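Worksheet: the structure to be examined is printed underneath.
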Amino acid sequence: MAGEGAPGEVVPEGAARVARVMLESPLPQLDRLFDYLVPAALAPDAHAGVRVKVPLRSAGRTARGYIVELTERGDYGGSLSEIDEIVSPLPVLTPEVWALARRLADRAAGSACDIVRLAIPPRFVRVEKAFLARQGAAGTASPEVAGPPVTGVLTGYSESDAAHLAEPGARAAIDAIATVVPVHAADGVDHTVGHWALTVAELAASVFRRGESVIVAVPDYRDQISLEQALSHLGVGNAVVPLDARQARNDRYAHFLTALDGAPHIVVGNRSSIYAPVSRLGLIVIWDEGDSLQSEPLAPYVHVRDAALVRQEQSGSRLVFVAHSRSTEVERLVELGFLHQVFPAPRYLPRVVPTAEQDDADAPQNAARIPTAAWQVARKALESGPVLVQVARPGYAPVLACQTCNAPAACTVCGGPLHVGRAGQRPSCTLCGAIAANWTCSHCQGTRYRFASIGAGRTADELGRAFPGVRVIVSDGERTVLTVDARPALVVATRGAEPIASGGYRAVLLLDGPRMLARESLRVAEDCLRWWSNAIALSAPRAPNVLVGVGGELAKALVTWQQEAVAGSELADRRRLRFPPAVRIATITGAAETVATALSDLRALLSDEEWAKMDTLGPVPTEEASVRAIVRFDYAVGGAVARHLRALVVKNATSRRAKPGRAPGFRPPPTLRVRFDDSEIME
DNA sequence: AGCACGCCGACT
DNA sequence: GTCGGCGTGCTC
């Protein structure tokens, strides 16, 4: 490389002289490609995908960005500036990921650079140097793979389903087998994992052994570990590239670069792994797509499901959604015939026993919310191993109330709700953390409070008293226990934080069903079904699973293990109400006049046919000086709605002015903001 | 975001 | 006549 590209050297005839650059800027009006000249000195490293620094508007002001493509002549009429610097010669933004980012941003009326930020971790120079040195020395080496050859067998499923899933471009919703299996990892240690992990690992290993890459997006760390153990069990542990959020930033960049090296890999990570720059993508797996952690909280809020659907379409890879229960979104895709349903063969039916809640004077201690039948199940199961008790709330007493007037107990400092975190602790404020010493009720001046709800900690205390001598283990969101051994123990866990028990739980008690169902949410039925199903799936084969205090359609769905029936009827309701996912929605937020003009501009931009396929809710006032309108529309017109709303956001961003030098207290009107497919908003 | 351009009020 | 106020618009 040395000696090439001296200043003033002439670029070879026919070489690309113009780089089209995506700028790293949050401004919607800069979300397009800008043309720059490639100076001869930089030509050797000027490849599509490399990070660059470019001048913007005036000399001295630089922006960062990525070369997206190289052409001989740009389409810009004016005179072009030259690229300042090529930050690194590594082409980190692959054409495939760029195309994905552009499509998803357009679909969500957002900036492609916001997606690229999720896709490419921050650069780590030392990591990059080490990677380049390694690549220069050894070239691109495929990871070594041990273990059995490609079998195409999918344990617990029919041969015909396995064959269907092996076909290129296959798309399916797979109902996971609701129990646990032992795996023998390469480290020589035996582990227990959910059977889903073995299923996903079998699919991944068979695609990987064809020389293709796999991406698996899992919601949390516990699932990440289980899947890595299952992949190790199948002899493809070396192929795993982990991209989870727990990694240090340098490790994250190192693993990102490994994914980029051109060899086939099995990428396992959180929702942003869907953007991994692997080559020859053969399979995308989304495990437990309904988990809220699969929903992206950063703009433009593209759910991993939607990113996966677009990436599948663009790459022609296989795509499977694996879960114990079905979201309405996946149900819609099944009903459209877009996803093929796959059930275990023979169907696996866990033992689920619904028990109506009862006030039972005979129940030990004051634990009346645990019916006698459940006590008996727990007592018997504790003879042979661990028992899982799922509860709704973490802490000890999550809610306190005034003993005199029954009002919720509020912090005397900030007015926030009080709670007791651990047994014997003084009450403290959930918001500001202040210890409530000498508490007085703000309503009646009473000074005594009572526990108004029961958390995991208090349940654990009660159970410990009822079963003297039995180990009690608490796992909640704050202190999550990942695994427990096979010895008898009462494991009290909040939903989603259940440890995996070696050999599976001998019984599962789902205690706080009615409380979980009481939550005000459009998704409450599907969420509860998912929480319960996932806990049941941690039980050993034939172990009893007691569902306390829940009857009706939900209990029936669990007993017959047909959660998709609930998803189907939920979706039918949403169609009737025109709620997502039957339709798409976009929320439009901003100053009242801004939103009003945006809505009328949108009407003007759409054809009559398009307008007929949508309706508007609101606007309603939200926070200070802001209103929010919701537009609902059929999937067919989503592209047009997104394009026009995006244009209005750009227009608003360029014309709106914060007026400096105005009277003190003057606040610029809130910006026009558009967000697509925010299903939380319908609650 | 920043920064230059441009179109109206007070000035040597 | 022009110096400079800040609203307006653009960024390859």
Side-chain angles (χ1 to χ4, degrees), chain A residues 5 7 11 15-43 45-88 91-93 95 98-99 101-102 105-106 109-117 122 298-300 589-591 593-594 597-598 601 625 643-674:
Chain A
V11 176
R17 294 187 59 250
V18 173
R20 316 209 67 212
V21 173
M22 181 214 88
L23 300 178
E24 261 187 359
S25 162
L27 299 175
Q29 59 271 41
L30 299 187
D31 178 34
R32 55 201 167 88
L33 298 182
F34 288 80
D35 291 354
Y36 288 90
L37 290 176
V38 181
L42 301 183
D45 285 335
H47 305 294
V50 300
R51 294 179 216 259
V52 289
K53 280 186 186 168
V54 291
L56 189 62
R57 176 84 208 191
S58 57
R61 208 183 138 203
T62 57
R64 291 169 168 275
Y66 299 84
I67 298 182
V68 163
E69 55 185 0
L70 290 153
T71 58
E72 293 186 30
R73 292 187 64 173
D75 54 6
Y76 181 65
S79 69
L80 302 184
S81 299
E82 291 190 341
I83 292 177
D84 274 345
E85 182 189 338
I86 290 178
V87 177
S88 132
V92 287
L93 179 58
W98 165 251
R102 186 66 273 168
D106 289 344
S111 287
C113 101
D114 285 336
I115 305 272
V116 168
R117 237 202 319 257
L298 296 176
T589 322
E593 320 89 83
T594 321
T597 22
D601 286 356
R643 195 171 66 249
H644 294 138
L645 283 177
R646 180 63 172 177
L648 296 175
V649 167
V650 170
K651 197 177 88 180
N652 176 267
T654 51
S655 63
R656 155 185 168 280
R657 264 300 96 101
K659 298 170 170 73
R662 283 292 182 85
F666 174 83
R667 301 250 288 278
T671 346
L672 181 68
R673 280 175 311 174
V674 169

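We use all heavy atoms of the structure for the numbers below, so side chains are in, but hydrogens, waters and symmetry mates are not. Just so we're on the same page: letters track the sequence lines, and every chain starts at 1. This structure is a prediction, so every number in the text was calculated from the model and none was measured.
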For the pair made of CG in A/L80 and P in C/dC12, what is the distance, rounded to whole Å? 9 Å

Using a cut-off of 4.0 Å on non-hydrogen atoms, how would the nucleic acid contact of A/Y76 be classed: base, sugar-phosphate, or nothing? base

With no hydrogens and no angle check, is any side-chain donor or acceptor of A/S25 less than 3.5 Å from a backbone partner on A/L27? yes

Does this structure show an ion pair linking A/R102 with A/D31, if we count only N-O contacts that are shorter than 4.0 Å? yes

Using side-chain contact (heavy atoms from CB on, under 4.5 Å), reason through A/V38 and A/I67 one step at a time and then give a plain yes or no. CA-CA 10 Å; A/V38 181; A/I67 298 182; 5.5 Å; no

Sub-4.0 Å heavy-atom contacts from residues 23-30 of chain A onto DNA chain B, ordered by number: A/L27, A/Q29

Rounded off to whole Å, could you give me the CG-to-P distance for the A/L56 and B/dA4 pair? 13 Å

Report the distance from atom CZ of A/R64 to atom C1' of C/dT11, rounded to the nearest whole Å. 18 Å

Show your working on side-chain contact (heavy atoms from CB on, under 4.5 Å) between A/V21 and A/L33 and close with a plain yes or no. CA-CA 5 Å; A/V21 173; A/L33 298 182; over 6 Å; no

Nearest whole Å is fine: how far is C/dT11 P from A/D84 CG? 18 Å

Taking A/Y36 for the side chain and A/P55 for the main chain, is one N or O donor matched with an acceptor at less than 3.5 Å? yes

Measure from NZ on A/K53 to P on C/dC12 and round the result to the nearest Å. 17 Å

In whole angstrom, what separates A/N652's CG from C/dC10's P? 15 Å

Residues A/L298, A/R117; criterion side-chain contact (heavy atoms from CB on, under 4.5 Å); working and verdict: CA-CA 10 Å; A/L298 296 176; A/R117 237 202 319 257; over 6 Å; no

